[in-house]
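Report on the structure given below.
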Amino acid sequence: MDNKHKGLRRFFKKSEEKFANVDFEEANIFKKILFIVLTNIKTIAVILCIFAFISLIVTYTGGFDKRSVVLSLNYEEASKGQNPNYTRYNVYELKSDDTMERVIRYAGLQNVITPTELANNIDIDENSTGKVIDPLDENTYYISTSYTITYRKNNQIKNISTKDMMELICKAYNDTFHEEYVGTKSVLKYDLGDIEDKEYIEIGKLFQNKSDQMLRYIQQRIEDNATYRSDVTGQSFQTIRKMIQNVQEYSIKKYNAFALETGLSRNREHYLRTLNYKNDMLNIKYNKFMIDYNVRKSGVENYDSAMIGTVMVPSVNDRNEYYMSRTNIGTDYLTKDADYNLTQGSAVNRDIIDNNDIIAKVSAATPSEEDYKKAEELIKSVDEELKNVANLADTTDKEYIKHTTKDYLTFNGYDNAGNKMFVLETVLGSTVVFFIILCIVYYMIDGYIRKREADRNE
């Protein structure tokens, strides 16, 4: 018997040594493995204990270098695999360059790690919660609404713990998700645009229109929640509304008055032709509205008032009380149409009067270089004011949306009990796998020893 064979026999016993009455050659592979394991149970048990202890230490200490959280989607559209704005949901956007760059910026690691390197340290696994679409359909698919996000420590990051990095990853993804898919409003993303070819008076109208749009949106927010105040900006929607109104009442009015009184224009002849053409078109619209108004007014005046009594019908209200209900008749419709046409005609006429005023001022004006210089300064000033208010409003609105939709995404970390269970499950699972491998190894050793003994006996 060679030294190698003797070494194996110190740690390995053949099954015949314990089960003398068993015909090993006639047993199937599973019985052979069972007999081999039972014969060497003490040795195997010692090896398993050593492996489990080492696995426990490695798994427990390895837990310091990684952190896991459970990401849950808690909005209605999630069960359909969608974002709140009905676009397709993709959890792997958490590892996108945009999100990773945001994490790096939050952590101040711009010169330390790249988005790709950071993404390589993040793992995403689906959890067994979600919704199966049409289980009777063989082509059905499963939609998950819960994921486990794991961050493994990157050796390039020295001064930030795995716990803090995991929190920054969650914050960055939550911010990106809300900005991209939850209530983004372009009306608050103020941009005056290219005004090089716009007339000075038209720029004033542009200021007014853009501020009116912001004002209407903020007013809607006030109706939704009049008491909300952002922790980030320190502003409420009511204070922002006041800021916009102040810009309108003072800065925009000041600019409009200056541009009109000085009769500023970039191209006087072209501007005057444009205004006259607009007035021609407006006069046509005005005449049409007034004709329609007069026709309907005449119809109402000529209507036989005696016919009104014939359209009272018996009815019952919610309390089962009897009353005579008056239905709409021809004069009602004519009156409404007449009011509409008069209102529209009056609005068009005001535009004509305003244009005539501008035409008169521009035609008679002789603005100086100082007037143009001051106008440019006022444009820059008003633009800056509206931009600042819009940025403040946009930030406050985003914080409000996060406040009202804060449970759309939830990140729940593992507690101590959960971590202990995770370690135990990992150690138990790896030990079971190692036991199976050990059984196979012992079976192969048994075969090797039997073959060597058979060769020696021949």
Side-chain angles (χ1 to χ4, degrees), residues 71 73-75 83-85 93-94 96 98-110 160 164-193 204 206-255 377-411:
L71 163 63
L73 313 182
N74 308 309
Y75 53 91
N83 294 305
N85 65 349
E93 289 183 0
L94 184 145
S96 68
D98 288 342
T99 305
M100 293 297 97
E101 286 174 359
R102 190 185 290 259
V103 176
I104 291 170
R105 187 168 66 252
Y106 288 171
L109 299 171
Q110 288 87 342
I160 303 177
D164 291 340
M165 279 301 296
M166 187 76 254
E167 290 178 355
L168 292 176
I169 291 168
C170 295
K171 173 177 169 52
Y173 179 59
N174 190 58
D175 290 347
T176 300
F177 179 84
H178 278 82
E179 288 181 11
E180 293 293 330
Y181 304 115
V182 185
T184 54
K185 300 298 180 183
S186 59
V187 68
L188 296 180
K189 297 185 183 300
Y190 171 81
D191 181 16
L192 186 60
L206 185 61
F207 282 140
Q208 188 67 37
N209 290 337
K210 287 186 175 292
S211 59
D212 282 342
Q213 290 175 355
M214 288 191 287
L215 200 58
R216 284 193 294 270
Y217 181 80
I218 294 300
Q219 183 60 43
Q220 182 61 53
R221 282 291 188 237
I222 292 174
E223 293 174 6
D224 294 338
N225 190 334
T227 60
Y228 173 78
R229 184 179 296 274
S230 168
D231 292 333
V232 174
T233 64
Q235 303 296 332
S236 68
F237 290 120
Q238 296 195 51
T239 57
I240 291 174
R241 177 181 63 181
K242 187 63 178 176
M243 292 177 187
I244 298 172
Q245 290 173 337
N246 286 341
V247 176
Q248 289 183 332
E249 291 296 320
Y250 299 104
S251 301
I252 295 179
K253 278 191 174 181
K254 179 181 178 181
Y255 171 78
E377 292 173 353
L378 288 173
I379 290 173
K380 184 177 179 181
S381 175
V382 175
D383 183 45
E384 193 66 28
E385 286 185 59
L386 284 178
K387 189 179 296 181
N388 291 337
V389 174
N391 289 337
L392 193 62
D394 188 43
T395 303
T396 302
D397 189 53
K398 286 177 180 176
E399 292 302 313
Y400 173 72
I401 292 172
K402 287 182 184 178
H403 171 74
T404 56
T405 62
K406 59 185 176 183
D407 294 328
Y408 274 19
L409 300 183
T410 56
F411 301 88

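The distance from the CD atom of E167 to the NZ atom of K171 is 11.0 Å, given to the nearest 0.5 Å. Put simply, CG on D175 and SG on C170 are 11.0 Å apart, with the number rounded to the nearest 0.5 Å. Going from atom CE of M100 over to atom OH of Y173 covers 10.5 Å, rounded to the nearest 0.5 Å. Atoms CD1 and CD, on I244 and Q219 in that order, are 10.0 Å from each other to the nearest 0.5 Å. To the nearest 0.5 Å, atom NZ of residue K380 and atom NZ of residue K387 are 10.0 Å apart. Atom CZ of F207 sits about 9.5 Å away from atom CD of E385, to the nearest 0.5 Å.
Nearest heavy atom pair, residue Y228 against residue S236, reads O-CB, 3.2 Å. Among all heavy-atom pairs drawn from V382 and S251, the shortest one is CG2-O, 3.8 Å. For A393 against I218, the heavy-atom pair with the smallest separation is CB-CD1, 4.2 Å. The shortest heavy-atom contact between Q248 and D212 is NE2-OD1, 2.8 Å. Minimum interatomic distance between L168 and V103 (heavy atoms only, all atoms of both residues): O-CG2, 4.0 Å. The minimum heavy-atom distance between G234 and R229, with the atom names listed, is O-NH1, 3.0 Å.
Between E93 and Y181, the side chains place a donor N or O and an acceptor N or O closer than 3.5 Å (distance only, hydrogens not considered). Using a 3.5 Å distance cut-off with no hydrogens or angles, the side chains of Q235 and T396 do not pair a donor with an acceptor. Under the 3.5 Å distance criterion, with hydrogens and angles disregarded, a donor-acceptor pair is assigned to the side chains of N225 and T227.
When side chains are defined from C-beta on, M214 does not count as touching V247, because their heavy atoms never get closer than 4.5 Å. With a 4.5 Å cut-off on side-chain heavy atoms, N174 and Y408 do not count as touching. F411 is listed as a side-chain neighbour of L71, based on a closest heavy-atom distance under 4.5 Å. Using a 4.5 Å heavy-atom cutoff, the side chains of S211 and I252 are in contact.
The aromatic rings of F177 and Y75 sit tilted relative to each other, their planes meeting at an angle between 30° and 60°.
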Inset, instruction - Would you please test T233 and E399 for side chain to side chain contact (heavy atoms under 4.5 Å, CB included) and show each step? - result: CA-CA 9 Å; T233 64; E399 292 302 313; 5.7 Å; no
Legend entry - Derivation and outcome, side chain to side chain contact (heavy atoms under 4.5 Å, CB included), residues T395 and S230: CA-CA 9 Å; T395 303; S230 168; 5.7 Å; no
Legend entry - Criterion side chain to side chain contact (heavy atoms under 4.5 Å, CB included) on L409 and L73, from CA distance to verdict: CA-CA 5 Å; L409 300 183; L73 313 182; 3.3 Å; yes
Inset, instruction - Report the C-alpha separation of F237 and Y400 in whole Å, then their side-chain angles, then the decisive distance to 0.1 Å, and conclude whether the ring pair (Phe, Tyr, Trp, His ring centres under 6.0 Å) test is met. - result: CA-CA 10 Å; F237 290 120; Y400 173 72; 5.3 Å; yes
Legend entry - side chain to side chain contact (heavy atoms under 4.5 Å, CB included) between I401 and K398, intermediate numbers included: CA-CA 5 Å; I401 292 172; K398 286 177 180 176; 5.6 Å; no
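A salt bridge does not link D98 with R102: none of the charged nitrogens is closer than 4.0 Å to a carboxylate oxygen. A salt bridge is defined here as a Lys NZ or Arg NE, NH1 or NH2 lying under 4.0 Å from an Asp or Glu carboxylate O, and R221 with D224 meets this definition.
Other residues, nucleotides and ligands contribute over 12 non-hydrogen atoms within 6.0 Å of the CG atom of N209.
Considering V389, D394, D383, N391 in turn, D383 is the only one that fulfils the side chain to side chain contact (heavy atoms under 4.5 Å, CB included) rule with Y190. Residue T176 forms a side chain to side chain contact (heavy atoms under 4.5 Å, CB included) with just one option from E180, E179, H178, and that option is E180.
Not one N or O on the side chain of T410 forms a donor-acceptor pair closer than 3.5 Å with the backbone of D407. Remark: side-chain polar atoms of Q238 are paired, donor with acceptor, to backbone N or O of A226 under 3.5 angstrom.
For E249, the salt bridge (charged side-chain N to carboxylate O under 4.0 Å, His left out) partners two or more places apart in sequence, or in a different chain, are K253.
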